[in-house]
Number of protein chains: 2
Amino acid sequence: MHTNERDTCRPNSRTFSRKKKNVVECDSCGLYGMCQVAGLDEPVPDLIDEIVGRREEVGISQNVITAGTPFGEIYAVKSGSFKTYVTLANGEQQIIDFYFPGELMGLEALSERNYPHSVEALEASTVCRLNFAKLDLLGERLGEFQQQLIQALSRRTRQDQWVPLLMGAQNAEQRTATFLLSLSDRFAEHGLPSQRFKLPMSRHDIANYLGLAVETVSRMFQRFQSMDLLEVHGRHVELRDMEALRVMSGLNNTNAT
Amino acid sequence: MHTNERDTCRPNSRTFSRKKKNVVECDSCGLYGMCQVAGLDEPVPDLIDEIVGRREEVGISQNVITAGTPFGEIYAVKSGSFKTYVTLANGEQQIIDFYFPGELMGLEALSERNYPHSVEALEASTVCRLNFAKLDLLGERLGEFQQQLIQALSRRTRQDQWVPLLMGAQNAEQRTATFLLSLSDRFAEHGLPSQRFKLPMSRHDIANYLGLAVETVSRMFQRFQSMDLLEVHGRHVELRDMEALRVMSGLNNTNAT
DNA sequence: CTACATCCTTGATGTGCATCAATTGGATCA
DNA sequence: TGATCCAATTGATGCACATCAAGGATGTAG
C-alpha cells in the first residue's frame with residue numbers, strides 16, 4: 001500500500017525531467033512577510049538563514065511532520081504538494097487537508113506542544129522551514145513578525161471555512177465540483193495555473209478527503225467530462241466551464257476562500 | 001485581582017426562570033489574556049472599557065455579525081450560544097460552526113475587509129466585544145496583545161481540524177457520536193458541565209451541520225439511547241457512556257480538540 | 001520490449017440514508 | 001387550563017452512493 005519512504009528519496013531528486021515544476025517565488029509565499037521581517041532586506045545575512053531553512057528537498061511519500069511529535073517549526077511549501085492526516089482507531093488515515101505552494105503547514109500546532117497531525121509529501125517537493133525556537137533572535141522586530149503571523153493564521157482560519165461547505169450540505173456531485181474549484185482558487189491565489197493543472201493526489205486521497213468512495217469520485221469526473229465542464233486524463237485536469245461548476249457546487253460566488 | 005464582575009453575574013439579568021444559565025467567568029474566556037493586556041489590571045479603568053464592550057445582551061435569533069459587512073471587531077461568547085452560517089445559492093443556510101461560552105467569534109475576518117459569514121444567537125446570550133479600530137490605544141502593550149491573539153488563532157485553527165473528522169470518513173452514527181463528543185469537549189474546556197447539557201440548537205441545525213437529514217439525527221439519538229450510551233429528552237442530553245461513544249466515533253483518544 | 005504492480009475506470013448489486021407522510025410532544029401565550 | 005404552532009419522533013419507500021468485481025490504462029523494472 002505504501003511505497004517505502006527511504007528509497008523514494010533517490011539521487012536524482014534534483015533533476016525532475018519531463019514537466020516543469022510549479023514553484024512559488026518568495027513574494028507569493030505565505031512566509032514572505034515573515035522572511036522580510038526576519039531580516040531578508042537587512043544587512044544581517046546570516047540571521048535569516050539561521051531562522052529560516054530554505055529550499056529543503058522532500059521526497060515523495062516522505063513525512064515532514066509526524067503527528068504527536070513536539071512542535072518546533074512551521075513550513076512553507078515552495079514547490080510540490082502535501083497532505084495532512086490523522087490515523088483513526090481502525091488504522092485508516094483520515095485526510096484533513098492538502099497543501100500547495102505558498103501555503104504554510106504546522107500553524108495549528110502553534111499554541112500546543114505537539115503537532116496534531118502528520119504531513120506527507122504527495123510528490124517530490126521543496127519547503128522552507130521556520131524555526132520557532134530561534135525567533136528571539138529577531139529582537140525588537142518580533143512584533144512585526146507577530147503581525148505577519150496573525151495575518152497568516154487568519155487567512156488560514158478563513159480557508160478552513162471551505163470544509164463544511166465541501167462536506168456538509170452536498171451530494172457527491174456538488175462536493176466534487178466544490179473540491180475542484182477550491183483547488184483552482186488556491187492555485188490562483190499564488191499565481192499558479194488554475195484552469196489546467198495536475199492533481200497531485202490519488203483518487204483514493206480525494207475520496208478519503210471528500211468522504212466518498214474512489215469509484216464515485218471517478219464517476220463524477222467522468223460525468224463532468226461528458227457535460228463538457230472539464231477534461232480529465234488521469235490526474236491531469238482542465239476546467240472548461242468554471243461558471244457551470246460554480247453553479248453546480250451550490251455556492252454563490254461571494255464565498256471565495 | 002480581576003474581580004470586576006460586578007454588574008454582570010446577577011442570576012437573572014432578564015427573567016430566565018427555571019434553569020440557571022451557563023456563564024463563563026472572565027478567566028476562562030478566550031478574550032481573557034487580551035483583556036488583561038488591554039489594561040484590566042492597570043490603573044486605566046476607562047481604557048479597557050473603551051476597547052472591550054462588555055456583557056452586551058443578544059436576543060434569540062438576533063444576528064451579531066452579518067456576512068459581507070465590514071470587519072471591525074471580534075466577539076467573545078459570555079453566555080448562551082451561536083451559530084455561524086453562509087447562504088447558499090439555493091437560498092438555504094449552510095451552518096459552518098457553533099460557538100459556546102469562552103470562545104471567540106469573528107477571527108476569520110481578521111485579515112480581510114469583510115466578515116465571511118453571519119453569526120446568529122441560538123438563545124438569549126451575552127457577548128463581549130473587542131473593537132479593533134481602537135487597539136492602537138494600547139500603545140506599547142500592543143505586542144503582548146498580539147501574542148494573545150496568536151494563541152487564540154492557533155487554538156481556533158486546531159479546533160477546525162475536527163470538522164473533516166466529523167464529516168469525512170464517517171457514517172451517520174459516527175458523525176453523530178463525534179458531534180456529541182466534540183460539544184462535550186468544548187464545554188469541558190471552559191469549565192461547563194460536559195456530561196449533561198442542553199443542546200442549544202435544533203435538530204434541523206444539527207442535521208444541517210452534519211450533512212444529514214433531521215430524521216436521521218433523531219434516529220441516531222434514539223439508537224444511542226437504546227444502547228444506553230446516552231439519554232435524550234428533547235434538547236436535553238446526558239452522556240452515559242462517553243468511552244463507548246468515543247469508540248463508536250472511530251477516533252482514537254489522541255485526537256483531542 | 002515484456003512483465004508486473006498500481007491506479008483508474010466501468011459495470012452490477014445491495015444498503016444506508018434521504019425523502020415523504022403522519023403522529024406525537026413541547027413550548028408559548030391567551 | 002387549553003389552543004396553537006413548531007420541533008421532534010416514528011414509519012414506509014425509493015434512490016444515491018458504497019461495495020463488490022473485473023477489466024483497462026499507466027508507469028516502472030528487468
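Residue numbering restarts at 1 for every chain, and letters A, B, ... go by the order of the sequence lines.
Contact of the B:Val127 side chain with the B:Phe82 side chain is registered, since non-hydrogen atoms from C-beta on lie closer than 4.5 Å. You'll find the side chain of A:Arg129 reaches within 4.5 Å of the side chain of A:Glu56, heavy atoms only. The shortest distance between side-chain heavy atoms of A:Leu183 and A:Leu199 falls below 4.5 Å. A:Asn208 places none of its side-chain heavy atoms less than 4.5 Å from the side chain of A:Tyr85. At a threshold of 4.5 Å between non-hydrogen side-chain atoms, the residues A:Pro193 and A:Gln195 do not count as touching. Within the 4.5 Å cutoff, side-chain heavy atoms of A:Asp97 are placed close to those of A:Tyr209.
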Task: Base-contact (B) and sugar-phosphate-only (S) positions in nucleotides 18-24 of chain C, heavy-atom cut-off under 4.0 Å, - elsewhere - done: SBBB---

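Atom pair B:Ile206:CD1 and D:dA7:P shows a separation of 13 Å (rounding to whole Å applied). The CE-P distance, from A:Met201 to C:dC7, rounds to 15 Å in whole Å. The interatomic distance linking B:Phe221 (CZ) with C:dG25 (P) rounds to 19 Å, in whole Å. Between B:Arg223 atom CZ and D:dT9 atom C1' there is a gap of 15 Å when expressed in whole angstrom units. Atom C1' of nucleotide D:dC15 and atom CD of A:Glu173 are separated by 15 Å, given to the nearest angstrom. When rounded to the nearest whole Å, the span between CD of A:Gln225 and C1' of C:dT10 equals 14 Å. Atom-to-atom, CG of B:Leu122 to P of D:dA7 comes out at 13 Å; the value is rounded to the nearest Å. Whole-Å rounding puts the B:Arg203 CZ to D:dT10 P distance at 11 Å.
A close approach under 4.0 Å does not occur between any side-chain nitrogen or oxygen of A:Arg235 and OP1 or OP2 of C:dC7.
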- [ ] Please report the C-alpha distance between B:Arg196 and B:Glu238 in whole Å, then the side-chain angles of each, then the deciding distance to 0.1 Å, and finally whether the salt bridge (charged side-chain N to carboxylate O under 4.0 Å, His left out) criterion is met.
- [x] CA-CA 4 Å; B:Arg196 218 183 139 81; B:Glu238 176 170 4; 2.6 Å; yes

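No hydrogens or angles considered: nothing links the side chains of B:Glu103 and B:His190 as a donor-acceptor pair under 3.5 Å.
Note that CG of A:Leu212 and CE of A:Met220 are 7.5 Å apart. Values are rounded to the nearest 0.5 Å.
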Task: Under the 3.5 Å Watson-Crick or G-U criterion, the dot-bracket string of DNA chain D, with | for inter-strand pairs - done: ||||||||||||||||||||||..||||||

